[in-house]
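Reminder, nothing fancy here: chain letters follow the sequence lines and each chain counts from 1. Values below: all heavy atoms of this structure, side chains included; hydrogens, waters and symmetry mates excluded.
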Amino acid sequence: MSVVRVRYAPSPTGAPHIGNLRTALFNWLWARHNGGKFILRVEDTDQAREVDNGLELIMESLRFLGMNWDEGPDIGGEYGPYHQSERLAVYKKYADELIDKGAAYYCYCTQEELTQMRKEQEARGEPTRYDRRCRKLTAQERADRQAKGLPRVVRLAVPLEGSTTLPDFVHGDITIPNADVDDQVLMKSDGFPTYHMAVVVDDHLMGITHVMRGDEWISSFPKHILLYNAFGWTPPQFGHMPVVLGPDKKKLSKRHGATSVLQFRDEGYLVEALVNFMALLGWAYDGERELFSPDELIEVFTLDHIHSSPAVFDRAKLDWMNAQHLRSMDAQALTERLHPFLTRAGLTVDAETIRELVPLVRERIKRLDEIAPLVDFMFQDEIEYDPKLLVGNKMTAAQSLDALRAADEVLGTLDSLDDEAKIEHDLRAAAEKLGLKPAQFFGVLRIALTGKSVTPPLAGAMKIMGKPKTMQRIARALEML
RNA sequence: GUCCCUAUCGUCUAGUGGACUAGGACGUGGCCCUUUCAAGGCCAAGACACGGGUUCGAAUCCCGUUAGGGGCACCA
């Protein structure tokens with residue numbers, strides 16, 4: 001069996017969104033599953049649409065997701081160059097070959113002629129397509145135009161009869177009458193190839209074995225197969241991936257909020273979760289198991305389970321999945337991931353302390369960025385809160401006072417607050433002695449210590465804050481009561 | 001308009017003619033646990049778009065209908 005070679009071939013028009021990257025992921029998984037090659041190629045044949053840092057954003061997204069490539073514009077490879085704009089001579093050569101074979105022809109129609117033609121077709125209620133007038137040019141007419149040096153494009157001479165069968169491993173074979181296929185432009189008048197020309201030539205030259213691309217390409221699929229036929233090349237295996245939709249069932253776009261993985265990364269989603277989630281968008285293992293590490297995905301990913309219908313991107317499930325990965329993650333790794341999110345929130349916390357924070361927060365956050373508001377009180381010098389909160393529901397000020405005094409006394413006798421189990425035990429005993437429910441007792445203490453009604457467990461928090469800060473907060477609360 | 005693709009719980013999906021009174025997960029509701037919040041456990045509601053065939057038998061095959069989506073560029 002020949003080695004699997006797949007590619008991700010985006011055009012550098014901005015940060016790739018989840019939909020594009022999901023397709024890239026399928027390619028990458030397939031390459032890794034087979035020990036094959038994953039190639040990054042830049043489809044920059046439209047100068048007008050290009051964005052300056054487009055390629056950089058694409059590479060950054062891929063790197064973040066851990067999708068490493070074996071050949072690409074930055075690292076080269078034996079099939080380079082990997083920028084289509086640097087392969088112009090190659091396309092020219094193959095276009096000439098098609099002309100020589102009679103499988104393509106020069107077209108001298110101007111933009112104006114074409115729009116005029118389409119307008120008339122529309123008026124007559126006909127499908128809009130090139131009417132092949134230049135294909136019908138006589139040798140004399142052709143020579144005349146050539147002599148005048150008129151701008152020209154190269155068009156594919158689609159067979160007038162018959163039909164073409166498009167082999168697709170996700171949709172199954174699709175057969176299209178050739179009469180429905182337009183004489184597509186292959187080479188633009190500026191010497192650049194169109195997507196159709198470049199993709200076929202490059203996939204063939206680069207030895208691509210499987211093409212997985214978005215569903216939106218299926219309508220130009222016939223042109224591609226026809227081109228392979230015209231060249232006498234064997235096409236790679238094709239699979240068109242279902243599109244990813246937003247919650248409104250429309251194709252995912254910026255309108256739906258975050259769509260770039262870079263944004264997701266900044267919001268505190270884990271690579272592991274993002275990869276896991278994207279893999280399950282249009283692909284399933286067995287319908288039962290759905291939590292996978294990237295390595296596990298590589299192992300179990302196969303083409304036969306790719307869906308043919310579109311999938312809606314469900315943020316709630318991503319959140320759940322992120323939380324799952326957060327919990328199963330190694331403590332040290334989680335510590336490292338959490339660090340920047342604390343720093344960014346203005347909290348200076350050393351790695352050792354974050355390590356202690358991990359068991360306190362890992363089951364309470366769904367995203368990394370949720371850590372700061374959860375633990376900030378431990379690192380601030382002063383906390384602000386409404387003293388009224390010190391008296392809980394169904395409690396009197398006297399009871400709160402008793403609770404805080406008891407806590408002050410219990411904690412005060414301890415050398416340090418390092419023994420969480422002991423603290424908890426002693427505090428519970430104190431509550432019982434006062435005839436207070438744990439919820440009431442700890443509720444008051446929680447406000448005194450944190451200023452919030454929702455926090456991680458108190459014993460763990462006190463341990464991290466240390467005795468002086470803890471005692472000082474209780475004292476301050478006592479003053480306010 | 002025309003060509004093409006798609007159609008199982010709200011969402012992601014399992015299902016490839018009989019094991020389907022259609023399974024799992026997210027979400028939702030309830031209960032349990034509980035130091036708040038989570039997490040966890042248990043339970044519940046919830047789907048084969050519609051209509052025709054084919055077949056002893058259809059979520060599964062075929063044909064229509066409907067509804068979504070995509071294309072119809074010297075854009076990818």
Quiz item: Near A:Glu409 CD, under 6.0 Å, is it more than 12 heavy atoms from other residues, nucleotides or ligands?
Solution: no
Quiz prompt | Non-neighbouring partners of A:Glu56 that pass side chain to side chain contact (heavy atoms under 4.5 Å, CB included), sequence neighbours left out | solution = A:Asn53, A:Met59, A:Arg63
Exercise. Tell me which nucleotide among B:A7, B:A76, B:G27 gets nearest to the side chain of A:Ala316.
Key: B:G27
Quiz prompt | Flag if over 12 foreign heavy atoms under 6.0 Å of CD, A:Glu432 | solution = no
Self-check item: Candidates A:Asp369, A:Asn322, A:Asp319 - the one meeting side chain to side chain donor-acceptor pair (under 3.5 Å) with A:Tyr269
Solution: A:Asp319
Quiz item: Roughly, in whole Å, what's the span from NZ in A:Lys223 to P in B:C3?
Solution: 16 Å
Quiz item: With sequence neighbours left out, what residues match A:Ser308 under side-chain hydrogen bond (donor to acceptor under 3.5 Å, both in side chains)?
Solution: none
Quiz item: A:Ile371 and A:Ile365: which non-hydrogen atoms are nearest, and at how many Å?
Solution: N-CG2, 4.1 Å
Quiz item: Can you name the nearest heavy-atom pair linking A:Arg87 to A:Pro81, along with the distance?
Solution: NH1-O, 2.9 Å
Self-check item: Separation between the C1' atoms of B:C56 and B:C3, rounded to whole Å
Solution: 40 Å
Exercise. Indicate, with a heavy-atom threshold strictly under 4.0 Å, whether A:Cys109 touches base, sugar-phosphate, or nothing.
Key: base
Exercise. Step through the shown structure and confirm whether more than 12 heavy atoms of other residues, nucleotides or ligands are within 6.0 Å of CZ on A:Phe379.
Key: yes
Exercise. Determine the contact category for A:Ile174: base if any of its heavy atoms lies under 4.0 Å from a base atom, sugar-phosphate if only primed atoms, P, OP1 or OP2 are that close, otherwise nothing.
Key: sugar-phosphate
Quiz item: If you look at every strand shown and take non-hydrogen atoms under 4.0 Å, does A:Glu126 touch a base, only sugar-phosphate, or nothing?
Solution: nothing
Quiz item: Taking the inter-plane angle between the rings of A:Phe169 and A:His210 on a 0 to 90° scale, is it parallel (under 30°), tilted (30 to 60°) or perpendicular (over 60°)?
Solution: perpendicular
Is there any protein nitrogen or oxygen under 3.5 Å from a nitrogen or oxygen in nucleotides 15-20 of chain B, and what are the pairs?
none

Exercise. Could you please name the option among B:G69, B:C75, B:A14 that lies closest to any side-chain atom of A:Ala284?
Key: B:A14
Self-check item: Between A:Thr165 and A:Asp173: side-chain donor-acceptor atoms closer than 3.5 Å
Solution: no
Quiz item: Quick one: A:Glu288 CD to B:G23 C1', roughly how many Å, whole number?
Solution: 6 Å
Quiz item: Is it the case that A:Asn20 and A:Tyr8 place a side-chain donor and acceptor less than 3.5 Å from each other?
Solution: no
Practice problem: Once you apply the 3.5 Å cut-off to both distances, tell me the Watson-Crick or G-U wobble partner of B:U28, or none. | Solution: B:A44
Quiz prompt | A:Lys136 atom NZ, over 12 foreign heavy atoms within 6.0 Å | solution = yes
Could you give the side-chain donor-acceptor pairs of residues 177-187 of chain A under 3.5 Å, partners two or more places apart or in another chain?
residue, atom, partner, partner atom, Å
A:Asn178, OD1, A:Ser163, N, 3.4
A:Asn178, ND2, A:Thr164, OG1, 2.5
A:Asp182, OD1, A:Tyr130, N, 3.1
A:Asp183, OD1, A:Arg132, NE, 3.1
A:Asp183, OD1, A:Arg132, NH2, 3.2
A:Asp183, OD1, A:Arg135, NH1, 3.3
A:Asp183, OD1, A:Val158, N, 3.2
A:Asp183, OD2, A:Tyr105, OH, 2.6
A:Asp183, OD2, A:Arg132, NE, 3.1
A:Asp183, OD2, A:Arg135, NH1, 3.0
A:Gln184, OE1, A:Lys223, NZ, 3.3

Self-check item: Euclidean distance for C1', B:U65 against B:C12 (whole angstrom)
Solution: 28 Å
Exercise. Please work out if A:Arg289 contacts a base, only the sugar-phosphate, or nothing of the nucleic acid, heavy-atom cut-off 4.0 Å.
Key: nothing
Practice problem: Could you check whether A:Glu424 gets within reach of a base, just the sugar-phosphate, or nothing at all, counting any heavy atom under 4.0 Å? | Solution: base
Quiz prompt | First encountered from the 5' end of RNA chain B, between A:Pro457 and A:Ser308 | solution = A:Ser308
Quiz item: What distance, rounded to whole Å, do you find between the two C1' atoms, one in B:C4 and one in B:A22?
Solution: 31 Å
Self-check item: A:Val90/A:Tyr94 under side-chain contact (heavy atoms from CB on, under 4.5 Å): CA gap, chis, key distance, verdict
Solution: CA-CA 7 Å; A:Val90 177; A:Tyr94 285 97; 3.9 Å; yes
Could you list the protein-to-nucleotides 41-50 of chain B atom pairs, N/O on both sides, closer than 3.5 Å?
none

Quiz prompt | Pairs where residues 277-293 of chain A contributes a residue and the test salt bridge (Lys or Arg N to Asp or Glu O under 4.0 Å) is met, not counting sequence neighbours | solution = A:Arg289-A:Glu296, A:Glu290-A:Lys317
Filtered N/O pairs between nucleotides 8-12 of chain B and protein, under 3.5 Å:
residue, atom, partner, partner atom, Å
B:U11, OP1, A:Lys249, NZ, 2.7
B:C12, OP1, A:Val312, N, 2.9
B:C12, O2', A:Leu280, O, 3.1

Self-check item: Side chain of A:Ile218 - closest among B:U36, B:C4, B:G40
Solution: B:C4
Quiz item: With a 4.0 Å cut-off on heavy atoms, is A:Arg129 in touch with a base, just the backbone sugar-phosphate, or nothing at all?
Solution: nothing
Quiz item: Around A:Glu299, counting heavy atoms of other residues, nucleotides and ligands shown, do more than 12 lie under 6.0 Å from its CD?
Solution: no
Quiz item: Tell me, which of residues 359-370 of chain A have any heavy atom that sits under 4.0 Å from an atom in RNA chain B?
Solution: A:Glu363, A:Arg364
Quiz prompt | A:His171 side chain near B:U6 phosphate (N/O to OP1/OP2, under 4.0 Å) | solution = yes
Quiz prompt | Nucleotide paired to B:U6 in any strand shown, Watson-Crick or G-U, under 3.5 Å | solution = B:A67
Quiz prompt | Nucleic acid contacts of residues 175-195 of chain A, taken as heavy-atom distances under 4.0 Å to RNA chain B | solution = A:Ile176, A:Asp180, A:Val185, A:Lys188, A:Ser189, A:Pro193, A:Thr194, A:Tyr195
Exercise. Between A:Asp173 and A:Ser219, name the one whose nearest nucleotide on RNA chain B is closer to the 5' end.
Key: A:Asp173
Exercise. For residues 444-456 of chain A, pull every pair meeting side chain to side chain donor-acceptor pair (under 3.5 Å), keeping only residues two or more places apart or in separate chains.
Key: A:Asp376-A:Lys452, A:Arg446-A:Thr455
Quiz item: B:A76 P sits how many Å from A:Phe221 CZ, rounded?
Solution: 19 Å
Exercise. For A:Ser11, report the nucleic acid contact type (base, sugar-phosphate, nothing); a contact means any heavy atom under 4.0 Å.
Key: sugar-phosphate
Sub-3.5 Å pairs of nitrogen or oxygen atoms, protein against nucleotides 58-67 of chain B:
none

Exercise. May I ask you to verify if any side-chain N or O of A:Lys452 is less than 4.0 angstrom from the OP1 or OP2 atom of B:U36?
Key: no
Quiz item: If you look only at pairs with a residue in residues 190-201 of chain A, which of them pass as a side chain to side chain donor-acceptor pair (under 3.5 Å), with sequence neighbours excluded?
Solution: A:Tyr195-A:Arg213
Quiz item: How about A:Phe313 and A:Phe264: are their ring centres within less than 6.0 Å of each other?
Solution: yes
Practice problem: Could you give the distance separating B:G52 and B:A59 at their P atoms, to the nearest angstrom? | Solution: 14 Å
Quiz item: Considering only the C1' atoms, how many Å lie between B:U8 and B:A58, rounded to the nearest integer?
Solution: 14 Å
Practice problem: Give the ring-plane orientation class for A:Tyr106 versus A:Tyr108, where under 30° counts as parallel, over 60° as perpendicular and anything between as tilted. | Solution: tilted
Exercise. Name the nucleic acid region contacted by A:Thr13, choosing base, sugar-phosphate or nothing; use a 4.0 angstrom heavy-atom cut-off, strictly under.
Key: nothing
